[in-house]
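Heads up, the thing below is written out as structure tokens.
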There are 2 protein chains.
Amino acid sequence: MKKSLTPSLLLDEQLCFALYAASRRMTAAYRPLLDALDLTYPQYIVMLVLWEQDGVTVRELGERLQLDSGTLTPLLKRLEQAGLLGRHRRLSDEREVEITLTDAGHTLRERAEDVPRCLAEKLCMSADSFTRLRDQLKTLATQLAASTDQESK
Amino acid sequence: MKKSLTPSLLLDEQLCFALYAASRRMTAAYRPLLDALDLTYPQYIVMLVLWEQDGVTVRELGERLQLDSGTLTPLLKRLEQAGLLGRHRRLSDEREVEITLTDAGHTLRERAEDVPRCLAEKLCMSADSFTRLRDQLKTLATQLAASTDQESK
DNA sequence: GAAAATTATATTGCGCACAATTAAATTTGA
DNA sequence: TCAAATTTAATTGTGCGCAATATAATTTTC
């Protein structure tokens, strides 16, 4: 059967809605696991970055996660309040705020080690489909970023 | 090369982050198109449902979009304020609130007709990849919903 | 037919996202 | 050198998402 040439307004045909719904489902699937660590999903991905590379600035964190300071500043303050990290102006350039993990922040990593495996079990997906889907989504995001940037030519 | 058997905490290997980032990019790609219609992305998908089926209840809308009344009630009030729809208790069962499009709400559909095509152009994706990715995401969402529901056994 | 359970929506509160603005530090360049 | 431009965070305001609770209507059950 020939694919319709005129994209429709039907909800079930939209890629955007499939993406939006799947993303919220994914966050919901993480919730019980992250509740045990007292983290929200956005806080978790911030911690993922910090566990990889401690001492990054808010700007670097924002570039990595594609989030701006309006989102990150209050989120980081909550993680600071929770005792997981510290926020300090850099001496070399006082416009920058460097984020450093506390001992508690480093320790939490061990308790998080099981999260990816627990989630993988919920997916019921082969390692291949997992990788393929992930990479398709990365490509899509890159493509959308490119055409959105181009707009503000 | 053998796929690692122990899922890592590396950000770039996470399916969840690829999904989360792609979903936000997608919403960002819609933004300039929807700004012209004075709609946000969540408001747009509500309108998609209503253009398909007018006179649904908040509950039916919530089931379709997987959103609860805490999200929908204020969103619907904003669309009512904008003159696109009306909210009325059903006479048959006064617990239910029925959403009906106004003339302006129906008319907006015509101006929205071009949105899917405009967005499709930003994707640079074959109709096949589009459909395949969309259906993979639907499957993923279904699987996650199933295993999340099961948790509250 | 009245109490108990269920259903549907609304409300409240918190935590993102993101646009727009502000403020402060640094860099650039005439 | 010093004023203008740029860079970096923080702040403000709006609109989701979603959990928890409240309220009101309906259905069930005895």
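In what follows, every chain begins at residue 1, and chains take the letters A, B, ... in the order their sequences are listed.
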Review point. Above 12 or not: heavy atoms from other molecules or residues under 6.0 Å from CG of B:D35?
Key: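 Correct, the count exceeds 12.
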
Figure out the [atom1]/[atom2] separation between [X] and [N], and round it to whole Å.
X	N	atom1	atom2	value
B:L61	D:dG17	CG	C1'	15 Å
B:R89	D:dA24	CZ	P	10 Å
A:L67	C:dG15	CG	C1'	13 Å
B:E80	C:dA10	CD	C1'	14 Å
A:L79	C:dC16	CG	C1'	12 Å
B:L72	D:dC16	CG	P	10 Å
B:M26	C:dC18	CE	C1'	18 Å
B:F17	C:dA17	CZ	C1'	14 Å

Look up atom [atom1] in [X] and atom [atom2] in [Y], then write down how far apart they are to the nearest 0.5 Å.
X	Y	atom1	atom2	answer
B:L9	A:E110	CG	CD	11.0 Å
A:L61	A:Q53	CG	CD	9.5 Å
A:F17	A:L10	CZ	CG	13.0 Å

Review point. Starting at the 5' end of DNA chain C and moving along, which residue's nearest nucleotide shows up first, B:T73 or A:T71?
Key: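 On the 5' side of the pair lies B:T73.
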
Check your understanding: If each of B:A28 and B:L76 is mapped to the nucleotide of DNA chain C with the nearest heavy atom, which maps nearer the 5' terminus, i.e. the 5' end?
Key ->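 Comparing both residues, the 5'-ward one is B:L76.
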
Check whether any side-chain nitrogen or oxygen of [X] sits under 4.0 Å from OP1 or OP2 of [N], and answer yes or no.
X	N	value
B:K77	C:dT9	no
A:R87	D:dA10	yes
B:R59	C:dA8	yes
A:R31	D:dA19	yes
A:Y20	D:dG17	yes
A:R78	C:dC16	yes
A:R24	D:dC18	yes

Review point. Is A:R89 salt-bridged to A:E94, going by a charged N under 4.0 Å from an acidic O?
Key: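 No, A:R89 and A:E94 are not salt-bridged.
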
Point to revise | Working for side-chain hydrogen bond (donor to acceptor under 3.5 Å, both in side chains), residues B:R25 and A:Q66 | key: CA-CA 9 Å; B:R25 280 288 188 201; A:Q66 298 299 317; 3.1 Å; yes

Which part of the nucleic acid does [X] contact within heavy-atom distance under 4.0 Å: base, sugar-phosphate only, or nothing?
X	answer
B:L75	sugar-phosphate
B:D93	sugar-phosphate
A:T27	nothing

Check your understanding: Do we see a donor-acceptor contact under 3.5 Å between the side chains of B:T139 and B:T142?
Key ->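 On atom types as modelled, these side chains do not qualify, holding no pair under 3.5 Å.
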
Review point. Can you find a heavy atom in the side chain of B:T57 that is under 4.5 Å from one in the side chain of B:I99?
Key: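 The answer is no; the side chains never approach within 4.5 Å.
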
Exercise for review: Decide yes or no for A:L79 and A:M47: does some side-chain heavy atom of the first lie under 4.5 Å from some side-chain heavy atom of the second?
Suggested key: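 When only atoms from C-beta onward are counted, A:M47 and A:L79 do touch, with a gap below 4.5 Å.
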
Check your understanding: Quick one: the side chain of A:R95 and the base of D:dT7, do they pair up donor-acceptor inside 3.5 Å?
Key ->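 A donor-acceptor contact between them is present.
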
Check your understanding: For the base of C:dA8, is there a side-chain donor-acceptor partner from B:S69 under 3.5 Å away?
Key ->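 Side chain to base: no pair present.
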
Check your understanding: Among residues 35-49 of chain A, which residues get a heavy atom nearer than 4.0 Å to DNA chain D?
Key ->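 When residues 35-49 of chain A is checked for heavy atoms under 4.0 Å from DNA chain D, there are no hits whatsoever.
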
Review point. Angle class for the A:Y41/B:Y20 ring planes (parallel below 30°, perpendicular above 60°, tilted otherwise)?
Key: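 Answer is perpendicular, since the angle exceeds 60°.
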
Review point. Should the ring pair B:Y44 and B:W51 be called parallel, tilted or perpendicular, given that the plane angle runs from 0 to 90° and is split at 30 and 60?
Key: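 If you compare the ring of B:Y44 with that of B:W51, the planes turn out perpendicular.
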
**Study point:** End-to-end axis angle, where each axis spans five pairs of the helix from C:dG1-D:dC30 to C:dA30-D:dT1, to 10°
**Key:**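 About 10°, once rounded to a multiple of 10°.
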
Review point. Taking the side chain of B:E96 as heavy atoms from C-beta outward, which of D:dT8, D:dA25, C:dT9 is closest to it?
Key: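 From the listed options, C:dT9 comes nearest.
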
